[in-house]
Amino acid sequence: MRWMAGILLFGMTLAQGLTVPPEGRVGEPLEIRGADFPPGRYSLRIESDAITNEIDLETFNGSIATAWTPPKEGVYRFRIQVGERVVEAETRVLAAPPAPATEPSPSPPTPPARPETVTPTLQPDGLVVGNWKLPLKGEWIGPRLLGTRAFIARGPLVLEIDLQNPRVVAQHYPPGDVRALEADAELTVLLEDGRRLGLGAFAGKPFEGRWENLSVIREYTLTLNTAGATALDQSPTSPKPYWYYFSREAASLSAADLETTGRDLLQRGHRPELAWGEGVMRWLRPWLAQIRAARGQGLEQSLVWSEFFLKYLPQVPGTKAMLWEQVGWLEAQGRPDLGQRYREALRQVASWQNPLSSANLAAATWGLLGLYGLMLLYLTLMYLPAQLRGVRPSGGWLAGWLRHPLLRLRHSVLAYTTVGERTLLLLLFLLAVLAMLGWGFMSRSENLIAQDSLTRGTLRSSAAQETLRGFANTASLRGLLAYAQAKENPDEAQRLYEAAPPWVYVLLGRGTPEALAQAYRRAPSSAAVREVLGIGGDLWTPVYRDAGVAREAVPTPRIITATVALSGLQGLTSDFLAVWRDLPIWPSPLWAWGTAIAVLLLTLYHLLCFFLPRPKGVDGNLAWRRGVQLFFPGSPTYSQGWGLMVLLLFAGGLWLWRVGNGWGIVLAGMALGFHLLLWFLLVYRGSR
């Protein structure tokens, strides 16, 4: 199979071609086009006797296209390196045409006049160049002049205008919102995040601007269409970045447009494993709705949209629910094979998610606290008669704390319980405290990773890297920063990978034979690991291959959440009070300190009472104790521990019944019946 793939790749290489006009003029743009290139980024080298220049290009559907203006006459050679082969083209550039000759006159001869370049001006309704006018809306930046070209910008869009033959010759899409245009040897844009990028530096960078500003791109197109001035824009139709397609109406997109969008997402560092926030849904919500809307057009049309989201954007909010709906629809259409394919892919997507959330841990905390309080109430009632007899010499149940506090503490309710009951109550208390800590650190972790810079489907944006650098400098977080810098700064990334814990994505990032073997032992079913070792793949293997992007292990949302949460736990050892106070579960600092004091006092109380000897005569008042046990489901076996399961089943059934599930009352009834059976058996054994 490998030699067949080599033959096919060799054939594709030989089929590539680069075309330029045979002749050109100084100051007039040359259209450079290439076809049948493998997906990826290439460097176009332009050489002549006078100059040497390079332009970064990207392929879209196998094609490349750009425009370049020669500054001097001469023979120019255009070269692109594709593997071990160089694709070349050549053209001759002539001098600019001379000015028309004038009639001789007695006055001294004057040199021929050069064509005048009209200075462009921005007006409220458009850009004016002499008698030529480009209709525009909104406030644009510029114009900035560079030779015979003028540049204007608004939001994430830069227009390049030829001043000698007025027309828009190129649309440029910076990876952010433009603050200013600067011109030196080439045009440079100053983005709102402070970066300065030349036009050739846009390639491969994800979009980091405001999502709402993508409306500028749509508004520009609508303005030209409304004015009937589409002929004024003669810019190449490709390449376009993914955010250009996001700004378009869903109905205007073809299957090829969606594939181009998805491949560009991967080539710019976005990964299916990483999460997206709600900001992008302004543009993608209509796309997601097309999965359902396209079903009326047939199976193939609906699959175009569902396949796009499954392959490239499965973590966009609402996608998983829509794709599960698609599973049922595919099976109803008689395609259980496709339904099974989607089921398996969605299970893999679910494995990337964090199984626990702050909401789950909050419910667990309150549930454990409720069980703890219920058990404390049960034990208090169970041993109340014996306790009242014991505290009578010290002044009574309440006054004893004032008259003889140490003696009253000796007769605390826990002193009358069995070792099993004390252990169970202490275990419930510790579990409640641990659940509360988990709730706090999970909430903190979710708040941190919910920042916009970390919810754009990539960690390789400049904003994401700055956010990660702002986190605590712990070993686990060094792994995330190493992954984020792996492309731009591989040496620094390797240093950070070596200092990070040996998680699977870290081991694959190290790339050594020992690390790869260890990664396989840790996660033999990981598609990224198997793909690196050449022993398998998954649904996304051909997706990466078709986009020309190497598959790599990615820190999934589950790993990112756990990493940030563990980093917060490590902070407890360095500054416990500050970390505890700053947990986001407290309504105010007063709650934080009050809870800390209560936890400390209860911990001391349990540890002290755990070793108190049990008074004699506790087992009296049998009728009272059996009566109390009748009203607490599962209480006859609380001391063994598993009686709590009966109580949990009873409480869970009541909760299900309360939310409208009819099976809840059945579950509660079964738990109550089992409790009554245990109680009758206990009474029967006591009477024997």
Self-check item: Arg79/Glu88 ion pair, N-O < 4.0 Å
Solution: yes
Practice problem: Please report the closest heavy-atom contact between Leu122 and Gly142, naming both atoms and the distance. | Solution: CD1-O, 3.3 Å
Quiz prompt | 4.5 Å side-chain heavy-atom contact, Val93 and Ser48 | solution = no
Quiz prompt | Interatomic spacing from CD in Glu300 to CG in Leu303 - rounded to 0.5 Å | solution = 8.0 Å
Quiz item: Can you tell me how far the CD atom of Glu307 sits from the OH atom of Tyr312, to the nearest 0.5 Å?
Solution: 9.5 Å
Quiz item: Under 4.0 Å between a Lys/Arg side-chain N and an Asp/Glu carboxylate O for Glu259 and Lys311?
Solution: yes
Quiz item: So, Glu531 versus Thr541: side-chain donor-acceptor pair below 3.5 Å or not?
Solution: yes
Quiz item: Near Asn225 CG, under 6.0 Å, is it more than 12 heavy atoms from other residues, nucleotides or ligands?
Solution: yes
Quiz item: Can you tell if the side chain of Arg551 reaches within under 4.5 Å of the side chain of Val532, non-hydrogen atoms only?
Solution: no
Quiz item: For the atom pair CG (Leu163) and OG1 (Thr148), what is the distance rounded to the nearest 0.5 Å?
Solution: 6.5 Å
Quiz item: So His172 and Phe151, would you call those rings parallel, tilted or perpendicular, with 30° and 60° as cut-offs?
Solution: tilted
Quiz prompt | Nearest-0.5 Å distance, CZ of residue Phe207 to NE2 of residue His270 | solution = 10.0 Å
Quiz item: Between the main-chain N or O of Ala484 and the side-chain N or O of Gln465, is there a donor-acceptor pair closer than 3.5 Å?
Solution: yes
Quiz prompt | Test item: Leu454 and Leu448 side chains (from C-beta on) under 4.5 Å apart, heavy atoms | solution = no
Self-check item: Verdict with reasoning, Thr319 to Leu288, per side-chain contact (heavy atoms from CB on, under 4.5 Å)
Solution: CA-CA 7 Å; Thr319 297; Leu288 196 59; 3.8 Å; yes
Quiz item: After noting the C-alpha distance and the side-chain angles of Trp283 and Arg218, does the key distance pass the side-chain contact (heavy atoms from CB on, under 4.5 Å) rule?
Solution: CA-CA 11 Å; Trp283 306 103; Arg218 179 182 292 187; 3.8 Å; yes
Practice problem: Please tell me if the side chains of Leu191 and Val178 come closer than 4.5 Å, counting only heavy atoms from C-beta onward. | Solution: yes
Quiz item: So which heavy atom on Ala227 is nearest to which on Pro135, and how close?
Solution: CB-CG, 3.9 Å
Self-check item: Atom pair CG/NZ of Leu323 and Lys320 - distance to nearest 0.5 Å
Solution: 9.0 Å
Self-check item: Gly479 to Tyr505 - nearest heavy-atom pair and separation
Solution: C-OH, 3.1 Å
Quiz item: Are a donor atom and an acceptor atom from the side chains of Glu466 and Ser453 found within less than 3.5 Å of each other?
Solution: no
Exercise. Measure up the Trp352 and Trp540 rings against each other and bin them: parallel (under 30°), tilted (30 to 60°), perpendicular (over 60°).
Key: tilted
Quiz item: So does Glu488 have more than 12 non-hydrogen atoms from other groups sitting under 6.0 Å from CD?
Solution: no
Quiz prompt | Any donor-acceptor N or O pair under 3.5 Å, side chains Thr261, Asp264 | solution = no
Quiz item: Phe246 vs Trp211 aromatic rings, parallel, tilted or perpendicular, using cut-offs 30° and 60°?
Solution: tilted
Practice problem: Ignoring hydrogens and angles, tell me if any N or O in the side chain of Arg167 forms a donor-acceptor pair with the backbone of Asp162 under 3.5 Å. | Solution: no
Quiz item: Is the closest basic N to carboxylate O distance between Arg456 and Asp452 below 4.0 Å?
Solution: yes
Quiz item: Hey, are Lys240 and Asp257 close enough for a salt bridge, meaning a charged N less than 4.0 Å from a carboxylate O?
Solution: no
Quiz item: Going by an N to O cut-off under 4.0 Å, is there a salt bridge joining Glu219 and Lys137?
Solution: no
Quiz item: Between Glu212 and Arg210, is there a side-chain N and carboxylate O pair less than 4.0 Å apart?
Solution: yes
Exercise. For the residue pair Ile291 and Ser302, establish whether any side-chain heavy-atom pair is separated by less than 4.5 Å.
Key: yes
Exercise. Return yes if some donor-acceptor pair links the side-chain N/O of Thr458 with the main-chain N/O of Gly269 below 3.5 Å, else return no.
Key: yes
Self-check item: Ile46 side chain reached by Phe78 side chain, heavy atoms, under 4.5 Å
Solution: yes
Self-check item: Nearest atoms (heavy-atom pairs only) where Arg271 meets Glu552
Solution: NH2-OE2, 3.4 Å
Quiz item: After noting the C-alpha distance and the side-chain angles of Ile217 and Tyr173, does the key distance pass the side-chain contact (heavy atoms from CB on, under 4.5 Å) rule?
Solution: CA-CA 9 Å; Ile217 302 173; Tyr173 300 94; 4.0 Å; yes
Quiz prompt | Glu160 and its side-chain contact (heavy atoms from CB on, under 4.5 Å) partner, picked from Val168, Ile152, Leu146, Val169 | solution = Val169
Quiz prompt | Distance in Å, Leu265 CG paired with Thr260 OG1, rounded so as to fall on 0.5 Å steps | solution = 11.0 Å
Quiz item: In this structure, are over 12 heavy atoms from other groups packed under 6.0 Å from Arg92 atom CZ?
Solution: no
Quiz item: Taking the six-membered ring of Tyr483, is NZ or CZ of Arg460 closer than 6.0 Å to its centre and within 45° of its axis?
Solution: yes
Quiz item: Passes side-chain contact (heavy atoms from CB on, under 4.5 Å), Arg495 versus Gln485? Steps please.
Solution: CA-CA 11 Å; Arg495 187 187 69 80; Gln485 295 182 328; over 6 Å; no
Quiz item: Taking NZ, NE, NH1 and NH2 as the nitrogens, is one of them in Glu186 or Arg149 under 4.0 Å from a carboxylate oxygen of the other?
Solution: no
Self-check item: Glu249 CD: over 12 foreign heavy atoms closer than 6.0 Å
Solution: no
Quiz item: Can a donor-acceptor pair be found between the side chains of Tyr220 and Asp233 at a distance below 3.5 Å?
Solution: yes
Practice problem: Could you tell me which non-hydrogen atom of Pro21 sits nearest to which non-hydrogen atom of Thr91, and how far apart they are? | Solution: O-OG1, 2.5 Å
Quiz item: Is there side-chain contact between Val189 and Leu181, with at least one heavy-atom pair below 4.5 Å?
Solution: yes
Practice problem: Identify the heavy atoms of Arg179 and Gly194 that sit nearest to each other, and give their distance. | Solution: NH2-N, 4.1 Å
Exercise. Would you indicate whether Glu139, at its atom CD, is surrounded by more than 12 heavy atoms from other residues, nucleotides or ligands within a distance under 6.0 Å?
Key: no
Quiz item: With side chains defined as the heavy atoms from C-beta onward, is the minimum distance between Trp287 and Leu253 less than 4.5 Å?
Solution: yes
Quiz item: If you draw a 6.0 Å radius around CZ in Arg292, do more than 12 non-hydrogen atoms from other residues or ligands fall strictly inside?
Solution: no
